[in-house]
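Step one of this worksheet: look at the structure below.
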Amino acid sequence: MLRLVGAGVMLTVMADTTATTLAVGVLRYTPAGAGMPLGDLVWLTSAAFIPIAALLATAGRWADLFGRRRVLAVGLVVFVLGGIATVTADSWSFVLAARAVQGAGAAAMIPASLGLLLGELPENERRGAIALWSSASGLGCLLMQAGGGWLAAAVDWRMLFVPDVVIGVVLLVACLALPSGKRAGARGLPDVLGAWLLAAGIAVIVLAISKAMAWGTDVAWLGLAALLLIGGALAQARHHRLPAIDLALWRRPRFVWGWLATWGFGALSYGLLTVQPLYLLHLGYPMLEVAMWLTPTSVAVVVTSYLAGKLVKHIGPYGLIYAGSLLCGGACVLVLTQVGPTVWGLIASVVVGMGVGALAPGTSVATTLAARPHQYASAVGAATMARMVGGAVGVAVVSLVIDHPALIGGFGGLAGAIAICVAISVLTGALALTKITRVRTDPGDVMVKVPRRMLLELRMTLATVAAEADALLPAETRALPMDPHAGQHAGQHAGVHVHPPVNQPVNQPANPPVHAVPRPRAADSGPLASTRGNPN
């Protein structure tokens, strides 16, 4: 049940994101969104990105402090209510507000689900759980692209958000069968002020990125305000008992590297997710055929994520990140050499899915398993926040390049957007390659572990060596405890009469041959000799 609910949460969130990108494409090329610039239509995506990015870190921290199942249930309730409002609202402003509510619910669902999953599973099953959780995102894309195109074409673009509501209700009922999740056991009130400052700072950053071209130099004031807000949140975290930001997590170099790689993955994946349907719709394909063209990408994501969960033990998370970046960048270069959908374009679509399928579990493992068990939800929240902020950057930059093409021709804007995706993949791959070649040890890791069983085996080996060494010595220089009759001979040499043991035969020689190997000593002095108990 833990695995099903965890995978179901990620499936629902990613299906919702895919539904948003499909809805933007439908509105741009249908009378429903006629006259609206792409920058305004993209707010259907940004309205959910802003609260997700703003609340993820705080929601993950609170899930660790106050119970992961509780935060997951609250997030599901908020997400379902926001989805119902998105489907029923008439005004565009109300639709954007409902999308923001859904984003707030998703922000609580994501870290609480994976934190609950990792906290309840043994250590040897956590990498597989992360792979399942990541591959569920590709399955969500696949299902939405396969069925969402039909819903949008047959009914209306709002029907794209109905499946998310239904799955959300099912997951909410399934939460009753889950364990409550481990709590940090801390007492006191949480850092509400720090949480608000952090959420506001990240929201302002995403807003500035989304409106950078429309608002011009006024965005600089937003950037200054975001720095002040985040600085205030950090100041609160330094002295508060239950801070909104887990500073101990950010002191771990492994987590920081994974966070940066996750940011690049978000910018690349969401940029490609925006470009693909717009590219096909620009060619005049109907929405149903567009969904069919995108299906191979999602299938490749699902299959590759599953296989990557098995490979991560052998090549490491940054090996997956490097391979995924290489595949995505190479596929984008291949698309730039084609004109219209061709067989090579279909191959490139599959390769993109393989790249994203390798990046998803690679970045998740790199960030999540860099944390301590009591920090799992906090790590998931901070990492997913990086992915969403990177996604906001990717969507904003891609939309800007498409609306203001720097290249000449009908495909100038789309070609420029694909070139931006190539640049992001190169940067992400370079970061992963740098981390692979670094041999610096994380000071927080325990590098040497000496199990009790190894110590006991060493003790037995030393006892055997000592026995063989004593056997090679002359009889008069052997260790006294090694010979069961040594006490008798020693007493006789000292002038004391010592009786032989009762059960010793009379005709048995008093001194065994010199070449005989005696048995190991039953007791000996030293730190290892006093070890007792079951060696297991």
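Predicted model, so just to flag it, every value in this text is computed and none were measured.
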Any side-chain heavy-atom pair from [X] and [Y] closer than 4.5 angstrom?
X	Y	result
C328	L359	yes
V398	Y270	no
F79	L76	no
L171	T12	yes
V204	W221	no
F265	V356	yes
T363	R387	no
V397	I424	no

For [X] versus [Y], what's the shortest heavy-atom pair and its separation?
X	Y	value
S113	V9	OG-CG1, 3.7 Å
L272	C421	CD2-SG, 3.7 Å
I321	A432	CG2-CB, 3.6 Å
G82	A98	O-CB, 3.7 Å
G357	P361	O-CD, 2.8 Å
A136	A7	CB-O, 3.2 Å

If you round to the nearest 0.5 Å, how far is [atom2] of [Y] from [atom1] of [X]?
X	Y	atom1	atom2	result
L228	L224	CG	CG	5.0 Å
T428	L433	OG1	CG	12.5 Å
L327	T304	CG	OG1	8.0 Å
L160	L44	CG	CG	9.5 Å
L176	R69	CG	CZ	7.5 Å
E120	R3	CD	CZ	11.5 Å

Under the criterion side-chain contact (heavy atoms from CB on, under 4.5 Å), I'd like the reasoning laid out for V13 against I110: C-alpha separation, chi angles, the key distance, then a yes or no. CA-CA 8 Å; V13 172; I110 294 172; 3.9 Å; yes
Does W250 CH2 have over 12 foreign heavy atoms under 6.0 Å away?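 Yes - once you tally the heavy atoms of other residues, nucleotides and ligands closer than 6.0 Å, there are more than 12.
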Mark yes when over 12 heavy atoms from residues, nucleotides or ligands other than F161 sit less than 6.0 Å from its CZ; otherwise mark no.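 More than 12 heavy atoms, drawn from other residues, nucleotides or ligands, come within 6.0 Å of this atom.
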Please confirm whether the backbone N or O of [Y] pairs with a side-chain atom of [X], one donor and one acceptor, at under 3.5 Å?
X	Y	answer
T297	S349	yes
R158	A89	yes
S425	V422	yes
Y322	T434	no
R99	A47	no

M144 and side-chain contact (heavy atoms from CB on, under 4.5 Å): which single residue from T18, T20, L11 fits?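 The single option meeting the side-chain contact (heavy atoms from CB on, under 4.5 Å) with M144 is T18.
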What do the steps show when you test V275 against I420 for side-chain contact (heavy atoms from CB on, under 4.5 Å), and what is the final call? CA-CA 11 Å; V275 170; I420 293 294; over 6 Å; no
